[in-house]
**Student:** 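Please read through the structure below; I'll follow up with questions.
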Amino acid sequence: MAKGGFVTSITRQSEDFPGWYNDVVLKAELAAYSPVRGCMIIRAYGYAIWESMRDELDRHIKATGHSNVYFPLFVPRSLLEKEAEHVEGFDPQVAWVTRAGGKDLDDWLAIRPTSEAIIADSVKDWIQSYRDLPLLMNLWNNVVRWELRTRLFLRTTEFLWQEAHTFHATEEEAATEVETGLECYRKVAEDWLAIPVIRGRKSEGEKFPGAVYTTAIEAMMRDTKALQAGTSHMLGQNFARSAGIEFLDRDNQRKHPYGTSWGFSTRMVGATIMAHGDDAGLVLPPNVAPLHLVVVPIARTEDERAAVESVLEPLERHLAEVTTASGPLRWQVDRREESPGFKFNHWELRGVPFRLEIGPRDVSAGQAVLVRRLDRAKETLSLDRIASELPARLLSCQADLYRRAVEFRDANSHVVDDYETFKSTLNDQGGFLYAHWCGQASCERQVNEETGATIRVIPFDGEPEAGRCLIDGRPSAQRVVFARAY
RNA sequence: CGGGGUGUAGCGUAGCCCGGUAACGCACGUGCUUUGGGAGCACGAGAUCGCGGGUUCAAAUCCCGCCGCCCCGACCA
């Protein structure tokens, strides 16, 4: 049975979640370690998942009026240092080019950790009038942040992402834009990746350096820890002021525009893995799965092989014409010289939503067995119905995966009112803890230092409710979400 | 940067204490038998033992120095 091979070497999720995650990423060939410390190689299968969510998000970004642009990888030191809080926040994480062209540089070049600074400097010439606003730009690029502790996809020194940067005439319009960006992320997370998220505002301590405030979507992984899945920032006039961006408004007054920025990264590949995976490996939502269906022919003898092939030929013609919610059906027949059991495990590890087994018994009955990755539910379908049934099966699989994630999150969310209960619940069960907080940074810090939990978000759709802060008992008008986080 | 560990074939390890020119499992190649939950047998290919120096007739093994990586603590999409 399971001797050698990888059934024994993929760590069980319940035993060691980080070990499980690492095994899945490496063995499903999503990524590999690179010669550069903290940097990863994204392999074909992992990159296909990224491309799927990237393209979907790109559609939402364009549909909301933004245009893709590109800005340089290097940020001159003088620009990066203009916004005081921004520099201070990023300084420890910036990688510098200090030597080039065979000589030391007088003006160091930062490898962008994010592009607010260089964009603010560049757009000051483009914005003269309120008629030049809003300016709605988006960049798909790579950034570098010198992390001390890295993890594949979740936190790497270099990562791929999208950063939107916008400028507006009024604060109200900028605030709406912050919501627009976050809504793009919510749609991709929930509708495409089947990951339910909580939208909310970050506390002062957790906000982006240089922002007025930061909003985020927060998701729960299958170990009940939280993961920040996308952030959208109100920059106010901070960068505009330090870069000297001014426009002449309708009232003939010179004003600084209001900025926003928002980002979504390859971290979401990690989120998708951790939100849905199980002991057999990845479980991919159909919308992002590089393959929707793998067909495993089963045959012992030459005659059986010929019989199976004879039904595969018309089936393949039909599969080629199937259209799904995420484009043409993505499918493959696995004709490798491996045992069926090997192939089942191979594709389950890779999270392919459905597999179709076709053996001699099926051929004579004119049917095949469709097995769903999510719960290994088996269904026998007549051969001529399979192609036409698949789009509906993929839709219900996507919906069931989302529903399972919602149920899991709800089952691991707790409402707590006092600090002792908070601590014991966190230690015994983990998950999201809804509790009252007075808004003071000192209370937030105390919880973090004593329990390891942080305030993930102050939810937008939280019910107003009078209560008392966990720590100092001061009044609070709404519960916030505490959790241990990635 | 502080503390702990580790480096031998693509991966995981043994050998090191007690020096004698490298072994095992997985993966890989060829052939035959196999195939409804990780197949079997046979043959085969693959390693200047992290790097540099030293001791010795002889170093993966002993000595000195360096480097890399991993785990734990302060930062983060």
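Residue numbering restarts at 1 for every chain, and letters A, B, ... go by the order of the sequence lines.
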**Student:** Give one of base, sugar-phosphate or nothing for A:Arg336, where a contact means two heavy atoms less than 4.0 Å apart.
**Tutor:** nothing
**Student:** For A:Gln228, report the nucleic acid contact type (base, sugar-phosphate, nothing); a contact means any heavy atom under 4.0 Å.
**Tutor:** sugar-phosphate
**Student:** Taking all non-hydrogen atoms of both residues into account, name the closest pair between A:Val296 and A:Lys343 and its distance.
**Tutor:** CG1-CD, 3.9 Å
**Student:** May I ask whether A:Phe159 stacks on the base of B:A77, given the cut-offs of 5.5 Å between ring centres and 30° between planes?
**Tutor:** yes
**Student:** Rounded to whole Å, how long is the line connecting atom CG of A:Leu148 with atom P of B:C70?
**Tutor:** 13 Å
**Student:** Can you see whether A:Asn142 engages A:Glu158 through a side-chain donor-acceptor pair at a distance of less than 3.5 angstrom?
**Tutor:** yes
**Student:** Can you tell me, in whole Å, how much space there is between the C1' of B:C69 and that of B:C28?
**Tutor:** 26 Å
**Student:** What residues form a ring pair (Phe, Tyr, Trp, His ring centres under 6.0 Å) with A:Phe90, not counting sequence neighbours?
**Tutor:** A:His86, A:Phe208
**Student:** Nearest-nucleotide wise, let me know which of A:Ala280 and A:Gly38 is further upstream toward the 5' end of RNA chain B.
**Tutor:** A:Ala280
**Student:** If the C1' atom of B:G15 is compared with that of B:C49, how far apart are they to the nearest Å?
**Tutor:** 11 Å
**Student:** On a whole-Å scale, what distance lies between the C1' atoms belonging to B:C51 and B:G46?
**Tutor:** 23 Å
**Student:** Taking atom C1' in both B:G12 and B:U6, compute the distance separating them and give it to the nearest angstrom.
**Tutor:** 14 Å
**Student:** Let me know the distance between CG of A:Leu160 and C1' of B:A77, rounded to the nearest Å.
**Tutor:** 12 Å
**Student:** Within the structure shown, what part of the strands sits under 4.0 Å from A:Pro340 by heavy-atom distance: base, sugar-phosphate, or nothing?
**Tutor:** base
**Student:** Choose from B:U34, B:G37, B:A77 the nucleotide whose nearest atom is closest to any side-chain atom of A:Arg376.
**Tutor:** B:G37
**Student:** What does nucleotides 4-10 of chain B look like as a protein-contact string, B for base, S for sugar-phosphate only, - for none, at under 4.0 angstrom between heavy atoms?
**Tutor:** -------
**Student:** When we call it a touch if two heavy atoms are under 4.0 Å apart, what does A:Gly263 touch: a base, just sugar-phosphate, or nothing?
**Tutor:** nothing
**Student:** Within the structure shown, what part of the strands sits under 4.0 Å from A:Arg355 by heavy-atom distance: base, sugar-phosphate, or nothing?
**Tutor:** base
**Student:** State whether the side chain of A:His66 and the backbone N or O of A:Met137 hold a donor-acceptor pair below 3.5 Å, judged by distance alone.
**Tutor:** no
**Student:** Please determine if a side-chain N or O atom of A:Ser339 lies less than 4.0 Å away from the OP1 or OP2 oxygen of B:U35.
**Tutor:** no
**Student:** Considering every strand and a 4.0 Å limit on heavy-atom distances, what is the contact class for A:Val369: base, sugar-phosphate, or nothing?
**Tutor:** base
**Student:** Would you indicate whether A:Glu29, at its atom CD, is surrounded by more than 12 heavy atoms from other residues, nucleotides or ligands within a distance under 6.0 Å?
**Tutor:** yes
**Student:** For residues A:Glu116 and A:Ser261, is any side-chain donor paired with an opposing acceptor at under 3.5 Å?
**Tutor:** yes
**Student:** Using both pair distances under 3.5 Å as the test, note the stems of at least 3 consecutive Watson-Crick or G-U pairs that include RNA chain B.
**Tutor:** B:1-7 with B:67-73, B:10-13 with B:23-26, B:28-33 with B:39-44, B:50-54 with B:62-66
**Student:** How far, in whole Å, is B:G2 from B:A77 if one measures between their C1' atoms?
**Tutor:** 28 Å
**Student:** Rounded to whole angstrom units, what separation is found between the CG atom of A:Asp362 and the P atom of B:G36?
**Tutor:** 13 Å
**Student:** Between B:C75 atom P and A:Tyr486 atom OH, what is the distance in whole Å?
**Tutor:** 19 Å
**Student:** State, without any angle test, whether A:Glu83 and A:Ser242 hold a side-chain donor-acceptor pair at a distance under 3.5 Å.
**Tutor:** no
**Student:** C1' atom, B:G25 versus B:A14: distance in rounded Å?
**Tutor:** 11 Å
**Student:** Compute the centroid of each ring, for A:Trp437 and then for A:Phe482, and state whether the two points are separated by less than 6.0 Å.
**Tutor:** no
**Student:** Going by distance alone, is a donor N or O of one side chain under 3.5 Å from an acceptor N or O of the other, for A:Asn141 and A:Glu163?
**Tutor:** yes
**Student:** A:Thr11 pairs by side chain to side chain donor-acceptor pair (under 3.5 Å) with which of A:Asp16, A:Asp23, A:Asn22?
**Tutor:** A:Asp23
**Student:** With rounding to the closest Å, how many angstrom separate the C1' atoms on B:A60 and B:U8?
**Tutor:** 7 Å
**Student:** Can you confirm if the NZ or CZ of A:Arg145 lies within 45° of the ring axis of A:Trp161 and under 6.0 Å from the centre of its six-membered ring?
**Tutor:** yes
**Student:** Distance between the C1' atoms of B:G73 and B:C17, in whole angstroms?
**Tutor:** 34 Å
**Student:** Is A:Arg149 touching bases, backbone alone, or none of the nucleic acid, heavy atoms closer than 4.0 Å?
**Tutor:** sugar-phosphate
**Student:** For A:Glu338, report the nucleic acid contact type (base, sugar-phosphate, nothing); a contact means any heavy atom under 4.0 Å.
**Tutor:** base
**Student:** Between atom CZ in A:Phe90 and atom P in B:A77, what is the gap in whole Å?
**Tutor:** 7 Å
**Student:** Starting at atom NE2 of A:His165, determine the distance to atom C1' of B:A77, rounded to an integer number of angstrom.
**Tutor:** 13 Å
**Student:** Over all strands shown, is A:Thr214 touching base, sugar-phosphate only, or nothing at heavy-atom distances under 4.0 angstrom?
**Tutor:** nothing
**Student:** Counting just side-chain N and O atoms, does A:Arg267 come under 4.0 Å of either OP1 or OP2 of B:A77?
**Tutor:** no
**Student:** Closest-nucleotide mapping onto RNA chain B: is A:Gly89 or A:Arg305 further toward the 5' terminus? I mean the 5' end.
**Tutor:** A:Arg305
**Student:** Starting from C1' on B:A77, measure out to CG on A:Leu139 and report it in whole angstrom.
**Tutor:** 15 Å
**Student:** Could you check how far CG of A:Leu154 sits from P of B:A77, rounded to whole Å?
**Tutor:** 13 Å
**Student:** When the ring planes of A:Trp50 and A:Phe264 are compared, do they come out parallel, tilted or perpendicular, using 30° and 60° as the limits?
**Tutor:** parallel
